[in-house]
Engineer: 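Here it is, the structure, as structure tokens.
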2 protein chains.
Amino acid sequence: MQAKTAKIQDVARIAGVSTATVSRALSNPDLVAESTRNAVMDAVAESGYRINHTARNLRRQRSGSILALVPNLANPFFSQILAGLSSVLSPAGYGLLIADTQTDNDPQERLRHFIQNGLADGIVIFDGNLPKQELLPAQHPPIVLACEWVDFDLPSVRVDNAKGAQIAIQHLYDLGHRQIGHITGPNGNVLAESRLQGMKSALAALNLQQPDQWVFQGDYSMDSGAFAAKQWMALDNRPTAVFSASDEMACGFMGALQHAGIDVPRDVSVIGFDNIEVVEHLTPALTTIRQPRRLIGQHAGQMVIKMIDDATMRCPSELIPVELIIRNSVVAPKT
Amino acid sequence: MQAKTAKIQDVARIAGVSTATVSRALSNPDLVAESTRNAVMDAVAESGYRINHTARNLRRQRSGSILALVPNLANPFFSQILAGLSSVLSPAGYGLLIADTQTDNDPQERLRHFIQNGLADGIVIFDGNLPKQELLPAQHPPIVLACEWVDFDLPSVRVDNAKGAQIAIQHLYDLGHRQIGHITGPNGNVLAESRLQGMKSALAALNLQQPDQWVFQGDYSMDSGAFAAKQWMALDNRPTAVFSASDEMACGFMGALQHAGIDVPRDVSVIGFDNIEVVEHLTPALTTIRQPRRLIGQHAGQMVIKMIDDATMRCPSELIPVELIIRNSVVAPKT
DNA sequence: CTGTTAGCGCGTTCAC
DNA sequence: GTGAACGCGCTAACAG
């Protein structure tokens with residue numbers, strides 16, 4: 001902390017007014033006459049005064065920052081989302097506090113820690129495993145769920161995962177694929193669940209069968225994609241195309257296949273989900289479902305801010321559309 | 001904010017002691033008798049009391065959080081670093097405040113904003129372009145530079161970039177390469193500069209020439225790597241190997257080459273820098289210099305915490321070693 | 001439009 | 001070992 005920073009009283013003294021006036025001149029300029037306002041501003045400049053947020057926050061019963069709860073900060077998936085979030089929070093004067101729920105042995109407890117200590121004026125939750133509504137303290141700041149979470153009665157910003165899956169399947173179908181496999185996300189993960197369900201509905205609508213052994217259990221990691229590749233190779237009747245619930249897994253899947261001498265897309269078509277940056281530069285470039293991650297962060301940020309301003313817990317949820325990005329990893333099946 | 005959360009006075013009343021005792025029992029348990037301490041603890045449990053950090057921070061003249069200044073939050077390069085940072089900060093009781101210097105029109109001003117407002121008890125700067133020492137306010141909290149920044153008289157945790165470059169060149173040399181190109185990082189970026197210099201020294205030590213047109217200007221992005229590929233292809237006398245200052249650019253470079261029908265590593269060997277997760281799964285898997293990003297974050301975190309505890313501005317800087325990861329993108333040149 | 005007064009919730013002297 | 005009183009720096013309520 002700095003040695004001696006000017007306080008509001010110093011400004012008041014220099015400007016020849018009371019501290020209340022200084023406070024008003026800074027927070028609600030309209031409430032004070034222009035002449036005195038100028039005097040105050042001059043005094044501020046002269047003294048090098050900077051407002052003490054801690055004191056202000058104590059008085060206002062706020063914290064000045066918004067908390068983002070991320071399941072795994074190391075996952076680059078969140079980079080753009082957080083960037084989007086940050087880009088709307090800073091201009092609004094909020095700090096962005098980030099907590100990695102994975103580091104904690106009890107994330108649930110951590111969430112309560114933040115809530116009950118009033119450490120955040122608003123919370124954005126990205127961890128789909130986190131909240132059980134019953135466990136939330138009765139009193140809590142505005143919360144936005146930025147992950148798929150259907151049974152949960154809080155405002156959310158979600159991506160249309162089911163629709164994305166459906167688009168992916170339709171794309172494969174249109175090119176002639178009738179035998180379609182899937183690499184799932186982690187068990188119990190809501191996003192993964194939606195994508196799985198979306199795929200199943202699409203398959204059913206197209207009258208396509210999908211034997212169980214064509215569904216490979218993954219966990220969004222590249223390694224799990226590579227593991228799925230091993231299973232695919234061990235199959236007698238291999239699907240001609242695979243829809244991966246994440247681009248990471250698609251990378252791992254393609255990589256392992258190629259290292260084993262299998263040609264993508266000739267021997268098997270692959271379609272991903274997310275459109276992470278690297279997949280454009282793979283060989284073959286990955287066809288995928290784009291999900292606008294920066295937008296997710298921005299919307300989530302706007303929502304919490306609005307909720308804080310309106311002092312409400314409710315806000316219409318948003319559904320962010322997805323989009324098919326066609327590249328080179330999907331072709332018609334061998335005949 | 002919650003409706004009515006128990007304050008320290010409530011606890012005091014229930015325990016039948018003064019607020020001062022409660023405060024001590026919580027902050028300096030040793031100073032109070034065991035019996036009263038227990039009474040206080042019970043009262044805390046009964047009332048559901050949680051300490052108000054804002055009030056405590058105001059009193060203690062601290063903020064309770066540490067600020068990370070990141071040049072571009074959207075860059076996945078920082079994910080692991082921030083995860084490492086977070087993993088040491090939370091156990092120590094600090095919040096992690098993140099600011100994206102790219103969002104600001106005047107990052108320099110932003111830094112001062114944080115410093116002068118006492119919004120952070122410590123600062124970790126990842127933005128190599130940020131600080132000019134002269135511009136720092138005289139009084140400021142402990143700052144750690146987690147980016148290469150040689151001329152700067154502040155504690156830093158750095159990666160041995162020059163050494164990494166040297167290892168890369170040596171590796172290429174050992175396999176028989178004598179014509180080695182380079183894709184640089186952004187102009188003026190200190191990391192990029194170090195890698196470039198490290199390479200030049202290594203080249204000189206090995207008595208190797210490197211014509212200017214073998215050095216491609218990049219900016220760490222995949223697209224710039226792809227652009228470098230175009231330039232490489234346009235060359236009459238192409239280098240047989242290329243050392244890229246980042247894995248991202250190496251991805252873009254290899255991708256563009258492959259899309260143009262050029263074989264890596266047969267036609268050109270490529271070596272990267274960073275060892276980002278995806279490169280293991282590329283085809284060919286990328287040989288690269290590993291830089292332990294999580295460690296960088298952890299060390300930086302430990303350093304600020306120590307500096308805060310010791311109330312000092314100085315701390316021995318750390319140099320984190322790098323390591324060669326051999327994969328399949330480098331082979332002996334065609335003869 | 002402005003000044004006075006009274007805390008926000010805690011940590012910390014200084015007595016006892 | 002414990003309590004009383006004060007103040008961290010600011011803003012909101014009430015007068016005038």
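Chain identifiers are assigned alphabetically (A, B, ...) following the order of the sequence lines, protein sequences preceding nucleic acid strands; residue numbering begins at 1 within each chain.
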Engineer: Please report, rounded to the nearest Å, how far the C1' atom of dC8(C) is from the CD1 atom of I8(B).
Structural biologist: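 Computing the I8(B):CD1 to dC8(C):C1' distance gives 14 Å.
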
Engineer: Let me see the working for K7(B) and D10(B) under salt bridge (Lys or Arg N to Asp or Glu O under 4.0 Å), right down to the final yes or no.
Structural biologist: CA-CA 5 Å; K7(B) 347 188 211 184; D10(B) 302 321; over 6 Å; no

Engineer: Which comes earlier along DNA chain D counting from the 5' end, the contact point of D30(B) or that of A55(B), where each point is its nearest nucleotide?
Structural biologist: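 Nearest nucleotide further toward 5': that of D30(B).
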
Engineer: Can you check the Q9(B) CD to dC8(C) C1' distance for me, whole Å?
Structural biologist: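 After rounding, the gap between these two atoms is 11 Å.
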
Engineer: Would you say the side-chain atoms of S86(B) and D100(A) include a donor-acceptor pair closer than 3.5 Å?
Structural biologist: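 No donor-acceptor contact under 3.5 Å links the two side chains.
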
Engineer: Taking the nucleotide of DNA chain C with the nearest heavy atom to each, does Y49(B) or R24(B) sit closer to the 5' end?
Structural biologist: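 Residue closer to the 5' terminus by nearest nucleotide: Y49(B).
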
Engineer: Just the rounded figure in Å: distance from C1' of dC10(C) to CD1 of I51(B).
Structural biologist: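 Going from I51(B) (CD1) to dC10(C) (C1'), I get 8 Å.
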
Engineer: Any side-chain N or O of S27(A) less than 4.0 Å from the OP1 or OP2 oxygen of dT11(D)?
Structural biologist: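 For dT11(D), OP1 or OP2 has a side-chain N or O of S27(A) closer than 4.0 Å.
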
Engineer: Which listed nucleotide (dG3(D), dG9(D), dG11(C)) is nearest to the side chain of L58(B)?
Structural biologist: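 Between dG3(D), dG9(D), dG11(C), the one nearest the side chain of L58(B) would be dG9(D).
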
Engineer: Does dT2(D) have its OP1 or OP2 closer than 4.0 Å to a side-chain nitrogen or oxygen of T36(B)?
Structural biologist: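 True: T36(B) side-chain N/O within range (under 4.0 Å) of dT2(D) OP1/OP2.
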
Engineer: Within the structure shown, what part of the strands sits under 4.0 Å from T21(B) by heavy-atom distance: base, sugar-phosphate, or nothing?
Structural biologist: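 Here T21(B) touches the backbone only, sparing every base.
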
Engineer: Of the nucleotides dC10(D), dG1(D), dT4(C), which one has an atom closest to the side chain of A33(B)?
Structural biologist: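 Given the options dC10(D), dG1(D), dT4(C), the side chain of A33(B) is closest to dG1(D).
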
Engineer: Whole angstrom is fine here: how far is it from CZ in R62(B) over to P in dT12(C)?
Structural biologist: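 Roughly 11 Å, once rounded to whole Å.
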
Engineer: Has the side chain of S79(B) got a donor or acceptor atom that lies under 3.5 Å from a matching backbone atom of P76(B)?
Structural biologist: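 Answer holds: yes.
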
Engineer: Between dT2(C), dG3(D), dG11(C), which one does the side chain of A20(B) approach most closely?
Structural biologist: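 Of all the options, the side chain of A20(B) is nearest to dG3(D).
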
Engineer: To the nearest angstrom, how far is L31(A) atom CG from dG3(C) atom C1'?
Structural biologist: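 Roughly 14 Å, once rounded to whole Å.
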
Engineer: Nearest whole Å is fine: how far is dC10(C) P from K7(B) NZ?
Structural biologist: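 Interatomic distance, NZ of K7(B) to P of dC10(C): 8 Å.
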
Engineer: Spell out, as yes or no, whether a donor-acceptor pair under 3.5 Å connects the side chain of N161(A) to the backbone of S194(A).
Structural biologist: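 Looks like no, no N/O pair under 3.5 Å.
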
Engineer: Nearest whole angstrom, please: distance from the C1' of dC8(C) to the CG of N57(B).
Structural biologist: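 Distance, rounded to whole Å: 14 Å.
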
Engineer: Between P on dC10(D) and CD on Q61(A), what's the gap in Å once rounded to a whole number?
Structural biologist: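 After rounding, the reported distance stands at 17 Å.
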
Engineer: Between D42(B) and R37(B), is the closest basic N to carboxylate O distance under 4.0 Å?
Structural biologist: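 Not counted as a salt bridge, because no side-chain N and carboxylate O are separated by less than 4.0 Å.
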
Engineer: Could you please name the option among dG3(D), dG11(C), dT2(D) that lies closest to any side-chain atom of R59(B)?
Structural biologist: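 Output: dG11(C).
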
Engineer: Below 4.0 angstrom from OP1 or OP2 of dG9(D), is there any side-chain N or O of T54(A)?
Structural biologist: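 For dG9(D), neither OP1 nor OP2 has a side-chain N or O of T54(A) closer than 4.0 Å.
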
